[in-house]
Each structure stands twice: as C-alpha cells, then as structure tokens.
Number of protein chains: 2
Amino acid sequence: MNYSQKKIDISDEKCPVKASLSILGGKWPLIILYQINNRIIRYGELKRSIPGISEKMLIQTLNQLVEHKLVHKKAYPEIPPRVEYSLTNIGYNSLPIIDKLEEFGRAHLL
Amino acid sequence: MNYSQKKIDISDEKCPVKASLSILGGKWPLIILYQINNRIIRYGELKRSIPGISEKMLIQTLNQLVEHKLVHKKAYPEIPPRVEYSLTNIGYNSLPIIDKLEEFGRAHLL
DNA sequence: CGGGATCCGGTCCGATACTG
DNA sequence: CAGTATCGGACCGGATCCCG
C-alpha cells in the first residue's frame, strides 16, 4: 500500500517554521504550487510544465497538498478522464514564500 | 476566468526557485539560519537552541551553509576550543524567506 | 568543547509496467 | 487521460565511538 509519506515529526513544539516545512519542505511541493499559481490546470499540462518530475512524485505530492488543503482537485466523470487542479486560498497564501525563494535565488545563486 | 496568467517557465535549468531549494530545501538549513539570525553564536549554544537535531546533522548542515557562504565560521585556537557562527550578508538575506514561512505556518497550520 | 568517522535502518524517488 | 503498483538503488539521518 501507499506509505503515507509522513513528513518528519518535528512538531514537538508549536514552531510555525517547522510546521510549514513539514508540509512545504520537500523537493516538489513548492515547485508544484508555483506552477499551478492562479491557474486552473489539468493534470497533463501540469506534468508537462514540470520537467523532470516523475508521475509518482507528482501524484504523491499533489495528494498531500490536497490533504493539507493547499490544492483543490476537481475530477469530471468523463471518458477520457479530466481532472483539474487549482490552489485553495491557503495554497494561494503560500505563494509569497516562493516569491522570496525566487528573489533570493535570483539575487545570490545565479 | 480571464485572469491575467503570468507565464512561468521552469524548464530552465537555472530556475531560481530550484536553485534556492537546492541549498535551503533540506530539513535543517532554514531552522539553523533562523536560530543564528543576527547573533554571533557558539556551537554549543546553537546546538542547545535547536532541540532534536543530532550533532552530525548540525555540523553537516553548518558546513554546507559555510560552503555556500550563507554562514561565517570563526574558530579561536584556544583550549578549550571556541567556534563562533554568524550569518554572512547572503545568509542574512535569506531571513525574509523564513519570515514568510513563519507567517504562513502561524496563519494556517497552528 | 567542537567536532570527525563509521555503521546501519528507514525513507525517498526514479523507472517500469499496468489499468479504467 | 489520469492515474496505480511494485521494485530497487540512493541517500538521509540517528546512534555510537573516537579525537585534539
């Protein structure tokens, strides 16, 4: 079965930084949130917009983000299937983090 | 619907977000930077200020941060030894990221 | 006091194959 | 099209021991 990939439990204290990192700190979450941004985007297009990610990691990370209510998922009962992803308002509020990350990278790392 | 959707290109290998995550994205880097903040702090006190971290991870992460020039290390040739860590200018510029992380955690995760 | 070195289990993650 | 299932290597990170 799916190991639920629990992020490391550093929540022993109520440190907001640790809490955020436990959800956003992995390899892909912020990249995915950044790509969805203010779009309503289908699975296929999302995958194409993130070169280098495997389907496994994309789905796994998306599911976790849906679990934590940063991402909204809407599936249409059609053939062929269609699934749309978009940010919830919580997810939307994570974008400033990414902006700072981008700013920092641009200023010091490139 | 007709929202202005900014075009995002992540296919570029020099994506600033990825570059930042490659340095800051682990479990401890941001926590450590956050703890050092604008102090000059000795190794022992730093370790005590981060409950749950092992010496191995603290040293390993510190060395990487020194390598990437986010942290400055000053060792005094004394007995017993004394080593002080502080943020470089670059490291200091990473603090806004952590602020956003903290803000987000406080608003949505606690 | 401030580390380094090594062992080792668990987890992450890519590749591949399969499904409705 | 949008996922699921499984395998296996890589790597992270904790525990332990050692050193100047």
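Chain naming here is simple, since letters A, B, ... match the order of the sequence lines and numbering starts at 1 in each. The analysis underlying the following values was restricted to heavy atoms, covering all of them including side chains, and did not include hydrogens, waters or symmetry mates.
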Rounded to whole Å, please give me the gap between [atom1] in [X] and [atom2] in [N].
X	N	atom1	atom2	value
B:Trp28	D:dG14	CH2	C1'	11 Å
B:Glu45	C:dG3	CD	P	14 Å
B:Lys27	C:dG10	NZ	C1'	12 Å
B:Ile79	D:dC19	CD1	P	16 Å
B:Arg42	C:dC1	CZ	P	8 Å
A:Gln60	D:dA2	CD	P	19 Å
B:Ile53	D:dG13	CD1	P	9 Å
A:Lys73	D:dC1	NZ	C1'	13 Å

Check: How do B:Asn63 and A:Glu55 order along DNA chain C: which one's closest nucleotide is nearer the 5' end?
Finding: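 Closer to the 5' end of DNA chain C: B:Asn63.
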Check: Want to settle it: does A:Pro80 or A:Ser54 sit nearer the 5' end of DNA chain C, counting the closest nucleotide to each?
Finding: A:Ser54
Check: Counting any heavy atom closer than 4.0 Å, what does A:Tyr85 reach on the DNA or RNA strands: base, sugar-phosphate only, or nothing?
Finding: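 Here A:Tyr85 touches the backbone only, sparing every base.
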Nearest to the side chain of [X], heavy atoms from C-beta on, is which of [options]?
X	options	value
B:Ile59	C:dA15, C:dG3, C:dG2	C:dG3
A:Tyr43	D:dC1, D:dA15, D:dA2	D:dA2
A:Arg82	D:dA2, C:dC13, C:dG3	D:dA2

Check: Taking only residues two or more places apart in sequence, or in another chain, which ones meet A:Phe104 in a ring-ring contact (aromatic ring centres under 6.0 Å, His included)?
Finding: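 Partners of A:Phe104 under the ring-ring contact (aromatic ring centres under 6.0 Å, His included) test: A:His108.
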Next item on the list: Please check if the side chain of B:Ser20 supplies one atom and the backbone of A:Gly105 the other of a donor-acceptor pair under 3.5 Å.
Entry: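 Side chain of B:Ser20 to backbone of A:Gly105: a pair is present.
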For [X] and [Y], work out which heavy atoms get closest and say how close.
X	Y	answer
B:Glu102	B:Arg106	OE2-NH2, 2.6 Å
A:Thr88	A:Lys69	OG1-O, 2.6 Å
B:Tyr85	B:Ile36	O-CG2, 4.1 Å

Next item on the list: Report yes if a side-chain nitrogen or oxygen of B:Lys56 is closer than 4.0 Å to either non-bridging phosphate oxygen (OP1 or OP2) of C:dG2; otherwise report no.
Entry: no
